[in-house]
2 protein chains.
Amino acid sequence: MRPSTRDRILTSATDLFGLRGVDAVSLDLIATDVGVAKQTLLYWFPSKDELLEGVLAQAAAELVLVIDAALRSAPDEPLERLDAVVRAVFRPAVRRPALLGLIREVSRLPAGVAEQLTGRVQPLAQRAHAYLQAEMNAGRLRRADPGLIAALCYATVTGIATEPEALRVNGWEPSAAGLRRLRDELRAFLRAALAP
Amino acid sequence: MRPSTRDRILTSATDLFGLRGVDAVSLDLIATDVGVAKQTLLYWFPSKDELLEGVLAQAAAELVLVIDAALRSAPDEPLERLDAVVRAVFRPAVRRPALLGLIREVSRLPAGVAEQLTGRVQPLAQRAHAYLQAEMNAGRLRRADPGLIAALCYATVTGIATEPEALRVNGWEPSAAGLRRLRDELRAFLRAALAP
DNA sequence: CACTCTGTCTACCATATGGTAGAGAGCAAT
DNA sequence: ATTGCTCTCTACCATATGGTAGACAGAGTG
């Protein structure tokens with residue numbers, strides 16, 4: 001079954017926004033990509049801002065879902081759980097690089113949209129914070145500021161996923177084997193950074 | 001002495017490009033910010049692309065210089081040297097958040113400009129690569145792929161510096177004390193990630 | 001049939017943007 | 001004085017963009 005026009009618009013907009021940046025992508029471009037008139041697009045999302053909002057809401061929801069699932073099925077050991085999250089995030093991030101690129105756009109968004117989005121992610125961050133704190137107290141993680149550690153892990157993962165240039169400069173290439181190696185190095189890097 | 005018009009344009013463009021993104025910043029905006037007519041701007045840089053090129057070249061040169069200086073005066077111990085680089089990069093990055101934000105734009109640039117820039121940074125990356133390799137062999141760093149390690153360090157630093165949202169979500173705030181704490185956590189994080 | 005609702009379209013508009021053409025002011029050299 | 005060079009400006013233009021107005025087709029309903 002073919003997805004609805006609305007969904008096709010969301011998918012296309014997510015990819016284009018994430019890949020080229022929100023400002024660089026015109027409604028006309030998205031419409032062409034979807035194969036529909038611009039006004040159809042404006043019928044579903046009355047303005048570019050609302051389209052962006054929809055795109056972000058969907059992407060955030062998806063990400064939260066993926067992470068949640070990974071955590072639920074991971075063993076009760078902090079480094080293993082971290083591993084599970086990285087693996088879980090890595091797959092969709094590689095298949096659709098736009099997803100993380102999109103998140104990187106947040107800092108440039110109008111305040112309202114940004115807040116709405118951060119609000120959606122906040123619960124996740126708070127859970128992570130509490131969890132990290134507990135594990136640090138239990139001596140299973142290196143003692144540090146849990147909030148900053150969470151932010152640093154996030155920065156490392158999104159940073160490496162959204163900056164292919166940095167990888168290319170360092171002689172990496174995006175083959176299947178390269179991706180595996182990158183994923184494993186990333187996991188080892190974070191493990192080492194967090195191990196007690 | 002007042003800086004030249006050309007320099008004032010470069011400064012302003014660097015800040016605006018880095019802060020809001022290249023596409024979101026118009027020549028008119030930059031001109032207004034500098035306090036000059038748009039055509040003056042086009043006199044010094046015949047097109048927006050060439051202005052961008054100039055901005056990137058200057059920023060890259062500055063960054064290379066800062067890192068070079070930090071390395072030259074650091075002791076011969078890998079973790080200390082890493083520390084020195086982080087501290088050196090942190091200061092200008094905090095004073096002018098646009099600088100790192102600008103680098104983040106690279107992945108969205110027309111191929112020509114991007115290549116020119118990566119070419120400029122390549123020597124630095126290669127030096128880092130060789131150095132990391134040697135220190136790993138000497139057992140003073142955790143053994144791993146040196147290229148990916150360099151990329152991961154870079155991703156962590158630029159990621160954390162360019163995503164204040166991620167920090168805010170985790171309850172951090174941009175006071176002087178907050179900055180010190182962030183810098184120290186970042187150093188500890190990277191040290192732990194690289195220590196043998 | 002008439003009426004309304006949904007979804008898509010064509011036609012159009014006001015504005016912003018990157019860029020061109022060319023004038024004029026200040027200044028140094030001939 | 002004239003010429004030429006450097007730097008800045010006003011005036012203008014073609015195009016792209018976000019968005020409005022409204023027509024039209026089809027489906028469901030009285």
Side-chain angles (χ1 to χ4, degrees), chain A residues 1-58 98 102 105-106 108-114 116, chain B residues 1-58 98 102 105-106 108-114 116:
Chain A
M1 189 191 99
R2 190 184 194 185
S4 74
T5 301
R6 192 170 186 281
D7 284 342
R8 282 188 299 144
I9 291 173
L10 274 181
T11 306
S12 186
T14 302
D15 287 338
L16 290 170
F17 282 164
L19 226 55
R20 311 196 196 176
V22 174
D23 284 295
V25 172
S26 71
L27 296 184
D28 278 299
L29 181 62
I30 301 172
T32 306
D33 192 51
V34 177
V36 87
K38 179 172 64 171
Q39 277 57 32
T40 303
L41 209 146
L42 285 165
Y43 169 78
W44 291 106
F45 304 90
S47 73
K48 195 177 182 179
D49 274 354
E50 301 199 35
L51 171 58
L52 178 59
E53 227 168 280
V55 163
L56 289 175
Q58 202 203 33
L102 192 62
E105 288 277 299
V106 172
R108 305 213 161 117
L109 300 180
V113 186
Q116 188 181 337
Chain B
M1 189 190 103
R2 189 185 196 184
S4 73
T5 302
R6 191 169 187 283
D7 284 342
R8 283 189 298 145
I9 292 174
L10 274 180
T11 306
S12 186
T14 301
D15 288 338
L16 289 171
F17 282 163
L19 225 56
R20 311 195 196 177
V22 174
D23 284 295
V25 172
S26 71
L27 296 184
D28 278 299
L29 180 62
I30 302 172
T32 306
D33 191 52
V34 177
V36 87
K38 180 173 63 171
Q39 277 56 30
T40 301
L41 209 145
L42 284 166
Y43 170 77
W44 291 106
F45 304 90
S47 72
K48 194 178 184 180
D49 274 354
E50 300 200 37
L51 170 58
L52 178 59
E53 229 167 279
V55 163
L56 289 175
Q58 202 203 32
L102 192 61
E105 288 278 299
V106 172
R108 304 213 161 117
L109 300 180
V113 186
Q116 188 181 338

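Numbered from 1 within each chain, the chains take letters A, B, ... in sequence-line order. All heavy atoms count here, side chains included; hydrogens, waters and symmetry mates do not.
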Given atom [atom1] of [X] and atom [atom2] of [N], what is their separation to the nearest angstrom?
X: B/L42; N: C/dA21; atom1: CG; atom2: P; value: 13 Å
X: A/L41; N: C/dT10; atom1: CG; atom2: P; value: 14 Å
X: B/Y43; N: D/dC7; atom1: OH; atom2: P; value: 4 Å
X: B/F45; N: C/dG18; atom1: CZ; atom2: C1'; value: 16 Å
X: A/L51; N: D/dG19; atom1: CG; atom2: P; value: 10 Å
X: B/R6; N: D/dT8; atom1: CZ; atom2: P; value: 12 Å

Does OP1 or OP2 of [N] have a side-chain N or O of [X] closer than 4.0 Å?
X: B/T40; N: D/dC7; result: no
X: B/T5; N: D/dT8; result: yes
X: A/W44; N: C/dT6; result: no

How far apart are the closest heavy atoms of A/A31 and A/A37, and which atoms are they?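 In this case the closest contact between A/A31 and A/A37 is CB-C, 3.9 Å.
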Per the side chain to side chain donor-acceptor pair (under 3.5 Å) rule, what does the pair list look like for residues 46-58 of chain A, sequence neighbours excluded?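 Qualifying pairs, neighbours excluded: none.
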Got a sec, which pairs hit side chain to side chain donor-acceptor pair (under 3.5 Å) with one end in residues 16-45 of chain B, sequence neighbours left out?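 Matches after skipping sequence neighbours: B/S12-B/D33.
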Check whether any side-chain N or O of A/E105 sits under 3.5 Å from a backbone N or O of A/F17 as a donor-acceptor pair, and report yes or no.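 No, A/E105 side chain to A/F17 backbone: no donor-acceptor pair under 3.5 Å.
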Side chain to side chain, B/L10 and B/F45, heavy atoms closer than 4.5 Å: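 With C-beta onward as the side chain, the pair touches.
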Side chain proximity check, B/L51 to B/I30, heavy atoms < 4.5 angstrom: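 A side-chain contact exists here, since the closest heavy-atom pair is under 4.5 Å.
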Show the distances under 3.5 angstrom between N or O atoms of the protein and N or O atoms of nucleotides 10-17 of chain D.
unit_1: D/dA11; atom_1: N6; unit_2: B/Q39; atom_2: NE2; d: 3.2

